[in-house]
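What follows is a single structure, written as structure tokens, with notes after it.
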Amino acid sequence: MSSLGNSNNIFWQECPVGKLERQKLINQKGCVVWITGLSGSGKSTLAFALNRQLYSRGKLSYVLDGDNLRHGLNKDLGFSAEDRTENIRRVGEVAKLFADAGMICIASLISPYRKDRDACRAMLPDSNFIEVFMNTPLSLCESRDAKGLYKLARAGKIKGFTGIDDPYEPPLQCEIELQLIDGICRTPTAMSEQVVSYLEEKGYLEDQ
Ligand SMILES: Nc1ncnc2c1ncn2[C@@H]1O[C@H](COP(=O)(O)OS(=O)(=O)O)[C@@H](OP(=O)(O)O)[C@H]1O
Ligand SMILES: Nc1ncnc2c1ncn2[C@@H]1O[C@H](COP(=O)(O)OP(=O)(O)O)[C@@H](O)[C@H]1O
């Protein structure tokens with residue numbers, strides 16, 4: 001390829017050590033676990049619980065959390081539709097690199113637009129994109145209000161807050177949906193175990 005996007009005269013350089021070799025070396029299979037949901041739905045909590053459980057099993061994972069990435073890589077982005085799309089695109093590209101390195105990459109971002117999540121899925125070969133939908137009702141997210149942002153959004157002090165005056169498009173089809181059972185939210189550990197079981201079932205935790 002000699003031209004791509006805004007860069008001209010660039011050529012893909014094939015690395016002599018491939019993904020399969022890297023996976024064999026670290027004995028795991030690279031993939032992306034993409035956690036989407038409203039603010040306060042429990043994305044970061046699940047991401048960190050999963051990170052810990054995988055670590056305990058000797059599997060290396062790394063969390064790309066929306067809040068944290070906005071302190072660095074994405075510090076130039078706000079919350080307009082365009083900026084959110086660019087935010088998700090960049091994190092999708094980074095997650096793809098982590099998965100290519102052989103890591104289990106856990107991305108936890110609101111990622112409110114379906115087309116942006118689907119674009120990230122399309123970046124990953126061989127269905128190595130596992131979308132986890134935190135289907136926590138807005139009323140519960142708002143009652144938690146861990147950062148006080150819903151209160152500010154309701155008071156009109158934050159404009160364009162997801163779920164209040166900005167859209168959230170739930171997945172139409174996702175690999176895992178985590179929701180209340182009989183109106184009760186399960187523990188982060190229980191939710192994380194469900195994700196680990198899925199990874200196990202699909203062979204992501206098998207020795208390579
Ligand atoms: N307007 C608005 N809407 C939604 N969220 C807001 C907004 N302003 C600030 N925040 C804080 O930013 C965190 C979400 O960042 P993300 O990068 O995950 O958002 S997005 O995927 O680009 O929509 C989100 O963190 P989480 O609560 O962890 O989801 C909020 O703390
Ligand atoms: N499974 C859960 N059960 C009870 N409380 C939870 C659970 N998951 C998250 N929380 C609490 O909800 C709040 C928001 O969680 P957080 O992981 O920060 O959500 P998000 O990353 O989606 O904004 C935190 O105070 C957290 O302790």
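Counting starts at 1 for both ligands and their atoms, following the listed order. For clarity, every value in this text was computed on a predicted model and none was experimentally measured.
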Between ligand 2 and the protein, which N/O pairs are shorter than 3.5 Å?
| unit_1 | atom_1 | unit_2 | atom_2 | d |
| --- | --- | --- | --- | --- |
| ligand 2 | 1 (N) | R186 | O | 2.8 |
| ligand 2 | 12 (O) | R144 | NE | 3.4 |
| ligand 2 | 17 (O) | S44 | N | 3.4 |
| ligand 2 | 17 (O) | T45 | N | 2.8 |
| ligand 2 | 17 (O) | T45 | OG1 | 2.5 |
| ligand 2 | 19 (O) | G42 | N | 3.1 |
| ligand 2 | 21 (O) | S44 | N | 2.9 |
| ligand 2 | 21 (O) | S44 | OG | 2.8 |
| ligand 2 | 22 (O) | L38 | O | 3.4 |
| ligand 2 | 22 (O) | G40 | N | 3.4 |
| ligand 2 | 22 (O) | S41 | N | 3.2 |
| ligand 2 | 22 (O) | S41 | OG | 3.4 |
| ligand 2 | 22 (O) | G42 | N | 3.0 |
| ligand 2 | 22 (O) | K43 | N | 2.9 |
| ligand 2 | 22 (O) | K43 | NZ | 2.8 |
| ligand 2 | 23 (O) | G40 | N | 2.7 |

Under 3.5 Å, side chain of D65 to main-chain N/O of A107, donor-acceptor pair present? no
Just by distance, do the side chain of R117 and the backbone of S111 share a donor-acceptor pair under 3.5 Å? yes
I'd like to know if [X] pairs up with [Y] as an ion pair, taking the criterion as any Lys NZ or Arg NE/NH1/NH2 lying under 4.0 Å from an Asp or Glu carboxylate oxygen.
X	Y	result
R57	E200	yes
D76	R90	yes
K59	E206	no
R154	E142	yes
D67	K147	yes

Indicate every side-chain donor-acceptor pair of residues 133-141 with a distance under 3.5 Å to a residue at least two apart or in another chain.
| unit_1 | atom_1 | unit_2 | atom_2 | d |
| --- | --- | --- | --- | --- |
| N135 | ND2 | E177 | OE2 | 2.7 |
| T136 | OG1 | S41 | O | 2.9 |

Test of understanding: given a 4.0 Å heavy-atom threshold, classify the contact between [X] and ligand 1 as side chain, backbone, both, or neither.
X	value
N87	side chain
L77	neither
L69	neither

Between ligand 1 and T162, can you find any atom pair, the residue atom being a heavy atom, that is separated by under 4.0 Å? yes
A student checking ligand 1 against L109 at a 4.0 Å heavy-atom cut-off should list atoms 17 (O), 18 (O), 21 (O)
With atoms numbered from 1 as shown, which atoms in ligand 1 lie under 4.0 angstrom from a non-hydrogen atom of S39? 26 (P), 27 (O), 29 (O)
Taking N or O atoms only and a 3.5 Å limit, does S108 qualify as a polar contact for ligand 1? no
Which of the listed options, F161, Y113, Y168, holds the heavy atom that is closest to atom 2 (C) of ligand 1? F161
Pick from D116, I110, V91: the one approaching atom 5 (N) of ligand 1 most closely through a non-hydrogen atom: I110
Suppose clustering is done on Ile, Leu, Val, Met, Phe, Trp and Tyr with side-chain heavy atoms closer than 4.5 Å. Which residues sit in the same group as F129? V32, W34, L60, Y62, L64, L69, L73, I88, V91, V94, F98, M103, L109, M123, L124
Which residues, ordered by chain and number, are linked to Y113 in its hydrophobic cluster, where ILVMFWY side chains connect at heavy-atom gaps below 4.5 Å, directly or through other members? none
